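Quantities reported herein were computed from a predicted structural model and do not represent experimental measurements. Below, chains carry the letters A, B, ... as their sequence lines are ordered, and counting in each starts from 1. Heavy atoms only: backbone and side chains are in, while hydrogens, waters and symmetry mates are out.
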Amino acid sequence: MRELAHFPIRYRLVPTNTSDRPVRVRFAPSPTGDLHVGNIRTALFDWAYARHTGGQFIFRIEDTDRERVTDEYIKAAQDTLKWLGLNWDEGPEVGGPYGPYLQSERLDIYAEWSAKFLAQGDAYHCYCSSEELEARREAQKAANVAPGYDGKCRTISSDDLAKYKSEGRLPVLRMRMSDGSTTFTDSIRGDVTFDHNFVPDFVLVRGDGSPLYTLAVAVDDILMKVTHVLRGEDLLSSTPRQIRVYQAMGVSESDYPTFAHLPFVMGQDNAKLSKRNGEVSIAWYRERGFLPEAICNYLALLGWSPGDDRENVTMKELTELFTVERVHSSPARFDMKKLEAINGDKIRELTLDELLKRTTPFLIKDGVITGTPEELDVVKSALPIIQERIATLAKVSQMLKFLFVSKFEVDAEELPKIKDEQAQAVLKKSNDVLQKLENWDHESIHMALKSALIEGLGLKPRVAFGAVRIAVTGSHISPPLFESMELLGRSRSLERIAGSIS
RNA sequence: GGCCCCGUCGUCUAGUGGCCUAGGACUCUGGCUUCUCAAGCCAGCUACGCGGGUUCGAAUCCCGUCGGGGCUACCA
């Protein structure tokens with residue numbers, strides 16, 4: 001076994017794509033659950049960068065830990081990306097020249113490289129058991145030295161080897177780190193240096209022969225000719241290990257990818273956003289009626305800005321404007337209120353047909369309609385009056401429910417408001433004038449009620465119309481009253497008003 | 001503990017030595033809009049973590065400090 005030369009490793013990277021290699025960016029999640037806000041922010045930046053540069057966007061599944069990654073989650077990840085419009089050029093389903101794109105299907109490749117590393121002396125077998133390692137780590141902590149593998153099995157006597165083998169111990173494959181340090185240029189953070197004293201020999205292959213992330217990620221990025229690695233900040237300190245694998249692979253420095261570590265998206269509790277702290281899965285937002293373009297727009301503004309005051313950015317504009325240089329190095333807090341505001345803006349930008357298409361599934365799911373053409377006609381005529389008052393698509397159901405219920409009932413907590421003397425007078429008067437109304441359109445209804453209630457009874461509009469609103473829609477919050485009554489129709493409107501009179 | 005990253009309104013951000021008595025957006029508060037809720041419009045509150053230095057001049061550069069976060073696995 002050859003000892004590695006003891007010299008500091010100098011590794012310089014150009015901060016932006018000045019290389020003439022075509023840009024290839026990958027998004028490589030390890031789907032151990034539904035993709036969450038942080039994952040998607042990374043995917044979005046990866047995608048935007050690829051599109052901005054006219055490069056390729058590669059989607060790779062890191063499923064080397066088959067105990068935590070399930071097929072279900074892999075499928076869900078693909079669905080989420082597609083729903084968001086982050087289409088990939090290479091990856092699952094579409095294939096590509098450097099596939100397969102599931103690491104679990106590339107095991108022979110990793111086996112080949114790990115055998116090579118072993119033969120070259122870059123890596124070595126380590127027979128230390130988990131218990132032994134744990135004990136030594138504890139001792140290191142107690143002695144206040146940097147914890148990490150101590151290199152015990154770098155050299156191993158034949159006696160010990162025979163002993164371990166007779167005990168049936170299965171070795172892991174460890175990468176040998178040299179002395180010195182690794183410096184690389186992160187496009188977002190600048191030069192970052194790690195002293196190898198704090199980068200212990202790391203495991204490439206488990207005792208059972210399966211590869212670890214540390215091996216697979218580096219091998220794949222090289223083999224798939226990835227030029228830019230934009231990923232979460234949590235992986236920053238694992239970069240020297242990736243670079244060590246590149247060296248062992250014999251890759252020349254000019255072919256190393258450029259790294260850019262994106263800042264975290266944090267939860268309200270100021271901790272890294274994770275499954276623990278609440279509503280982080282993209283599926284959760286989808287179910288609540290958030291638009292994919294709104295999610296992308298909002299997420300793009302977390303850690304990046306176009307540079308001017310604009311906040312409403314389309315996907316197209318994002319691809320035009322996105323550069324790594326404008327990505328922040330500091331973490332951002334996720335703010336649901338702002339997402340809702342942007343979602344509302346995006347809803348208001350939708351055409352009527354588009355809005356109808358998007359809201360229909362929610363109305364059906366909530367049992368408001370079954371989806372007949374007649375129902376959709378009604379929905380379509382009602383959408384213009386609620387488009388500016390909903391922040392999420394899921395809100396349409398409660399707004400339009402009153403138009404479809406077969407057995408109408410006033411909300412229990414609203415009922416007392418129309419039972420007092422004044423309200424009853426309003427309803428009786430309304431019933432009288434509306435019975436005689438010739439044209440049942442919102443303008444006529446408005447005029448009739450205004451004249452009867454405001455001028456006739458001398459009431460404040462909000463008081464008078466409020467009672468009618470509750471009687472007709474069942475709630476004090478509703479779309480505009482007169483339009484609602486026009487949509488509801490004469491008979492049902494009058495029926496409800498009459499039904500509210502005691 | 002060690003290593004690494006980070007630090008402008010409550011939140012997201014603009015800002016790369018003078019354009020900053022720090023701009024925008026979201027939130028919040030008040031008002032307008034005589035049908036609610038929204039939307040829209042107007043106004044207001046509120047920030048350069050702290051301490052030194054460099055400079056004629058610092059949010060911007062340097063040092064220190066404090067604070068937050070990540071990593072420290074046969075997870076990724």
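- Note on A:His328: a side-chain N or O is less than 4.0 Å away from OP1 or OP2 of B:A14.
- Rounded to a whole angstrom, the distance from the C1' atom of B:A47 to that of B:G10 is 10 Å.
- The base of B:C35 sits with one of its N or O atoms less than 3.5 Å from a complementary donor or acceptor on the side chain of A:Arg469.
- In this structure, of B:C6, B:C12, B:G70, it is B:C12 that holds the atom nearest to the side chain of A:Ala332.
- Across the P atoms, B:C9 and B:A22 are found 14 Å apart, a figure rounded to whole Å.
- Ion pairing between A:Glu62 and A:Arg60 holds under the 4.0 Å rule for side-chain N and carboxylate O.
- Checked against B:A76, B:C37, B:G2, the side chain of A:Leu235 finds its nearest nucleotide in B:A76.
- B:U60 and B:U8 have their C1' atoms separated by 11 Å, with the value rounded to a whole Å.
- With P as the reference atom, B:C50 and B:C3 are 27 Å apart, rounded to whole Å.
- Relative to the ring axis of A:Phe202, A:Arg241 places its NZ or CZ within 45° and under 6.0 Å from the centre.
- Ring-plane geometry between A:Phe27 and A:Phe59 is classed as parallel, the angle between the planes falling under 30 degrees on a 0 to 90 degree scale with a further cut at 60.
- Distance noted for atom P between B:C61 and B:G2: 27 Å (whole Å).
- Residue A:Glu311 places a side-chain atom within donor-acceptor reach of the base of B:G24, judged by atom type and a 3.5 Å distance cut-off alone.
- Remark: the separation of the C1' atoms in B:U29 and B:U34 is 23 Å, to the nearest Å.
- When distances are taken from the side chain of A:Lys338 to each of B:G24, B:C74, B:G7, the shortest belongs to B:G24.
- A salt bridge links A:Asp201 to A:Arg154: at least one charged side-chain nitrogen sits closer than 4.0 Å to a carboxylate oxygen.
- Using a 4.0 Å cut-off, some side-chain N or O of A:Arg206 falls inside it from OP1 or OP2 of B:C75.
- Side chain A:Arg189 to base B:C5: no donor-acceptor pair is found below 3.5 Å.
- Look at the C1' atom in both B:U27 and B:G44: the space between them is 14 Å, to the nearest Å.
- Distance from the side chain of A:Phe482 is smallest for B:C35 among the nucleotides B:C35, B:G69, B:C6.
- Within 4.0 Å of A:Pro479, counting heavy atoms only, lies at least one base atom of the nucleic acid.
- B:A76 sits 28 Å from B:C12 when the C1' atoms are compared, rounded to a whole Å.
- Counting heavy atoms from C-beta outward, A:Val219 and A:Ile109 have side chains that approach closer than 4.5 Å.
- Out of B:C5, B:C74, B:A38, the shortest distance to the side chain of A:Val192 is found at B:C5.
- Classification of the A:Trp113-A:Phe117 ring pair by plane angle, with boundaries at 30° and 60°, yields tilted.
- Phosphate contact (OP1/OP2 of B:A76, side-chain N/O of A:Thr64, threshold under 4.0 Å): present.
- Under 3.5 Å, the side chain of A:Arg389 and the base of B:U36 form at least one donor-acceptor pair of N or O atoms.
- Considering only side-chain N and O atoms, A:Arg333 lies nowhere under 4.0 angstrom from the phosphate OP1 or OP2 of B:U13.
- When distances are taken from the side chain of A:Ala341 to each of B:A76, B:C26, B:G24, the shortest belongs to B:C26.
- Contact between the side-chain N/O atoms of A:Ser305 and the OP1/OP2 oxygens of B:A14 is found at a separation under 4.0 Å.
- Distance from the side chain of A:Asp234 is smallest to B:G70 among B:A14, B:C37, B:G70.
- With B:A73, B:U27, B:C6 as the candidates, the nucleotide lying closest to the side chain of A:Arg137 is B:A73.
- Nearest to the side chain of A:Asp335, among B:C5, B:C26, B:A39, sits B:C26.
- Close to B:G24, at under 4.0 Å from its OP1 or OP2, lies no side-chain N or O of A:Arg310.
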